[in-house]
Amino acid sequence: MSRGPLMTERQKDRPWLMRTYAGHSTAEASNELYRNNLAKGQTGLSVAFDLPTQTGYDPDHILARGEVGRVGVPVSHLGDMRRLFQDIPLEQMNTSMTINATAMWLLAMYQVVAEEQGADITKLQGTTQNDIVKEYLSRGTHVFPPGPSLRLTTDMICYTVNNIPKWNPINICSYHLQEAGATPVQEIAYAMSTAIAVLDSVFASGQIPEDRKGDVVARISFFVNAGVRFIEEMCKMRAFGRIWDKITRERYGIEDAKQRRFRYGVQVNSLGLTEAQPENNVQRIVLEMLAVTLSKDARARAVQLPAWNEALGLPRPWDQQWSLRIQQVLAHESDLLEYEDIFAGSHVIEAKVDTLVEECLAEIDRIQEMGGALAAVESGYLKSQLVSSHAERRARIEAGDEKIVGVNCYQATEPSPLTADLDGAIMTVDPAVEARVVASLKNWRDTRYQPPFNHPRPCKALEKLKEAAKGTGNLMEATLECVRSGVTTGEWSEALREVFGEFRAPTGVSSAPVAVTAEAGTPLALVREKVARTASDLGSGRLRLLVGKPGLDGHSNGAEQIAVRARDAGFEVVYQGIRLTPEQIVSAALAEDVHCVGLSILSGSHAELVPDVLVRLREAGAPDIPVIAGGIIPPADAEELRKAGVAAVFTPKDFGITEIIGRIVDEIRKANKLDPLEVPA
């Protein structure tokens with residue numbers, strides 16, 4: 001086969017948009033970070049919001065404690081948004097905002113800041129993630145029930161198509177589905193089912209004329225995950241494009257091939273990065289990036305890469321720069337952009353893509369028969385499928401069938417200079433930041449009626465918002481009025497909570513099948529024996545474990561896997577899902593008379609919330625219930641938690657879930673002054 005002609009430098013393809021997902025502490029600190037990143041050659045902004053902002057709480061709300069500025073920037077009102085983008089001309093920027101339940105609110109603030117800068121809003125370019133379905137399944141930052149959530153998404157899409165035509169109003173997001181255990185088939189099928197639900201809703205709303213349906217489809221973008229199996233991942237992207245073309249042409253009658261083009265951005269797999277030998281994460285990131293850049297016909301439009309140390313904690317600016325440089329070397333030093341698609345005509349690739357397409361279309365049909373993506377969320381089908389897939393993958397890793405270098409094989413290692421000072425290898429957020437942000441919010445509330453702001457009274461704008469929510473009209477104009485009136489993030493969300501209610505998503509734990517066998521002599525069989533003997537020694541029928549997620553961290557994958565494995569080991573498991581206060585967790589522990597409390601936090605709020613649970617247990621007269629903590633917890637923090645009374649701390653390097661369950665039994669025996677069991681686990 002002859003090689004296609006080499007492109008001249010003049011013909012070289014334009015690189016993808018290069019972003020770094022960033023934001024922390026305060027609007028001021030994040031603004032400085034953005035301007036520094038742009039100066040280093042970043043070509044787009046990707047804004048990370050903190051969990052209170054994502055879930056519609058002000059920084060002084062009880063659930064926001066310990067979470068303010070941790071995993072992103074707090075934006076509580078128009079003043080914060082102004083400061084976030086100070087000296088950054090929004091008309092010239094391409095801004096991605098990772099925001100879902102409160103996407104309408106953040107877009108409205110972005111628009112008003114752009115107007116204040118003198119921008120023509122029809123020229124604004126960027127993306128709001130705005131995919132609520134995956135929040136119910138994997139990420140956990142949902143607020144409202146599925147029906148009202150879909151309405152907010154629909155209204156935003158219709159508003160942007162009519163008023164901000166270059167904006168991508170939704171980034172249908174399969175990224176977190178993969179992190180929650182999705183196979184490539186599930187990832188494609190669930191994302192496409194979400195797209196169908198969204199487009200059906202938009203076209204049924206009556207807000208889009210028939211002759212503009214193509215404009216809507218042309219603005220739908222996707223956000224995907226690329227794992228380390230990069231041949232399979234590249235085939236996944238080709239299958240995504242082929243299925244999107246088929247759905248938009250056959251279901252919606254879109255004739256223009258340009259409007260049917262599958263447009264996607266990518267972040268490579270963050271939760272697949274390892275704490276053990278974290279230097280290996282660099283080559284993982286490179287391989288994962290190749291999956292979405294090597295093939296011209298299936299190349300990402302925008303790429304953001306995690307940093308090598310994300311399994312340890314919050315990356316520093318230098319770590320983020322390293323990830324940006326990885327992209328720049330590939331785009332500017334290699335010859336990647338000089339060739340046509342190098343996989344065209346490959347029988348291996350075509351066969352794999354054909355198989356993926358066939359299996360995905362069958363799963364999409366299955367979901368449509370259930371009533372579509374939202375019905376499959378409410379029934380728990382999608383969540384239970386993901387929990388099951390994730391449990392199967394974890395079992396393969398523990399058995400050594402799926403190899404992870406440095407974790408379950410090739411564990412011998414030289415000391416790493418990168419992690420010689422583990423606590424210095426990550427950035428920490430000053431705990432005093434939260435108090436400053438709360439004080440700033442109070443000042444905003446106290447002064448929003450005074451010059452130079454002179455905002456009209458926010459309560460009138462909120463009443464208008466509630467009235468609009470009770471009706472059927474588009475909610476964007478009422479939301480913009482709230483922004484201009486000085487309303488806060490928590491006030492906007494609370495007004496809609498009053499009308500729409502809140503939603504607790506199915507956990508998927510009870511319906512997940514057994515993923516690890518317990519035949520005689522297996523590790524799980526030995527742990528089951530420990531559980532049974534300990535329950536007998538305590539005369540308690542069964543051991544009871546409460547798995548709790550305090551605060552706003554919605555990454556529930558780890559908690560779910562612990563809950564499923566503990567159930568399979570013979571525990572009675574109490575798992576009420578995400579977003580609980582320490583008070584609620586302690587109350588449930590006492591009501592259920594549990595033998596152990598396991599807390600899972602990945603957002604960094606462990607330093608405040610875990611000790612609070614310990615204090616409340618002591619005050620309630622239950623100081624002997626052992627408390628276990630798990631999550632992304634730096635060594636110094638782990639030591640502080642142990643000093644505070646935590647029985648054991650588990651981090652991503654502790655990948656053996658059965659072994660963790662065995663350790664939990666040991667801690668229960670120790671707390672109850674029982675002799676250790678001579679049963680290996």
Side-chain angles (χ1 to χ4, degrees), residues 15-50 69-73 84 87-88 95-96 98 266-290 293 302-334 406 413-433 602-604 632-637 651-653:
W16 51 91
L17 267 174
M18 297 184 192
R19 292 186 168 122
T20 304
Y21 182 54
H24 65 85
S25 303
T26 63
E28 290 84 357
S30 298
N31 174 263
E32 182 181 358
L33 183 65
Y34 296 160
R35 287 187 289 107
N36 287 341
N37 285 348
L38 290 168
K40 290 172 183 172
Q42 193 172 294
T43 52
L45 290 177
S46 181
V47 182
F49 296 100
D50 74 353
R70 288 276 178 188
V71 299
V73 57
L84 185 63
D87 301 322
I88 298 175
T95 305
S96 170
T98 302
V266 67
Q267 172 159 320
V268 307
N269 192 357
S270 284
L271 285 189
L273 301 180
T274 64
E275 180 185 2
Q277 298 179 26
E279 61 276 8
N280 295 339
N281 293 330
V282 177
Q283 50 266 36
R284 290 186 181 108
I285 290 166
V286 172
L287 287 170
E288 290 165 350
M289 177 180 60
L290 290 177
T293 54
V303 176
Q304 59 192 43
L305 302 181
W308 68 277
N309 55 349
E310 286 198 16
L312 306 175
L314 189 66
R316 302 156 298 186
W318 184 86
D319 307 311
Q320 293 186 323
Q321 175 185 300
W322 192 358
S323 289
L324 175 62
R325 295 290 186 252
I326 289 171
Q327 296 198 59
Q328 290 168 330
V329 168
L330 180 66
H332 301 300
E333 292 188 28
S334 84
T413 180
E414 296 295 327
S416 168
L418 289 174
T419 54
D421 174 14
L422 265 180
D423 294 311
I426 55 170
M427 192 170 80
T428 55
V429 175
D430 183 353
V433 161
L602 280 77
S603 64
I632 297 177
I633 302 173
D637 288 6
T651 65
K653 72 178 184 301

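At a threshold of 4.5 Å between non-hydrogen side-chain atoms, the residues Gln267 and Pro306 count as touching. Side-chain contact between Thr95 and Ile88 is absent, with no heavy atoms from C-beta onward closer than 4.5 Å. Between Leu33 and Pro317 there is a side-chain heavy-atom pair separated by less than 4.5 Å. Looking only at side-chain heavy atoms (C-beta outward), Val266 and Thr293 stay at 4.5 Å or farther from each other. Side chains of Val303 and Val268 form no contact here, defined as non-hydrogen atoms less than 4.5 Å apart.
A donor-acceptor pair is defined here as one N or O able to donate and one able to accept, closer than 3.5 Å; such a pair exists between the side chain of Asn281 and the backbone of Pro278. The closest donor-acceptor contact from the side chain of Gln277 to the backbone of Thr413 lies at 3.5 Å or more, if one exists at all. Although no hydrogens or angles enter the test, the distance criterion places no donor-acceptor pair under 3.5 Å between the side chain of Asn309 and the main chain of Asp319. In this structure, the side chain of Asn31 engages the main chain of Leu84 through a donor-acceptor pair within 3.5 Å. The closest donor-acceptor contact from the side chain of Thr651 to the backbone of Ile632 lies at 3.5 Å or more, if one exists at all. A side-chain donor-acceptor contact under 3.5 Å links Glu310 to the backbone of Ala307.
Annotation for Arg70 and Ser603: closest pair CB-O, 3.4 Å, computed over non-hydrogen atoms. Here the shortest heavy-atom pairing between Val47 and Tyr34 reads CG1-OH, 3.3 Å. Of all heavy-atom pairs spanning Arg284 and Gly272, the tightest one is CD-O, 4.4 Å. Listed here is the closest heavy atom pair of Pro634 and Ile426: CG-CD1, 3.5 Å. Taking every heavy atom of both residues into account, Ala311 and Thr274 meet most closely at CB-C, 3.6 Å. Of all heavy-atom pairs between Val71 and Ala48, the closest is O-CB, 3.8 Å.
Rounded to the nearest 0.5 angstrom, Arg35 CZ and Gln42 CD are separated by 13.5 Å. To the nearest 0.5 Å, atoms CG (Leu324) and OG1 (Thr43) are separated by 8.0 Å. Rounded to the nearest 0.5 angstrom, Thr26 OG1 and Asp50 CG are separated by 11.0 Å. Atom CD1 of residue Ile633 and atom CD of residue Glu275 lie 9.5 Å apart, to the nearest 0.5 angstrom. With rounding to the nearest 0.5 Å, the separation of NZ in Lys40 from CD in Gln320 is 8.0 Å. A distance of 9.5 Å separates NE2 of His332 from CG of Leu330, quoted to the nearest 0.5 Å.
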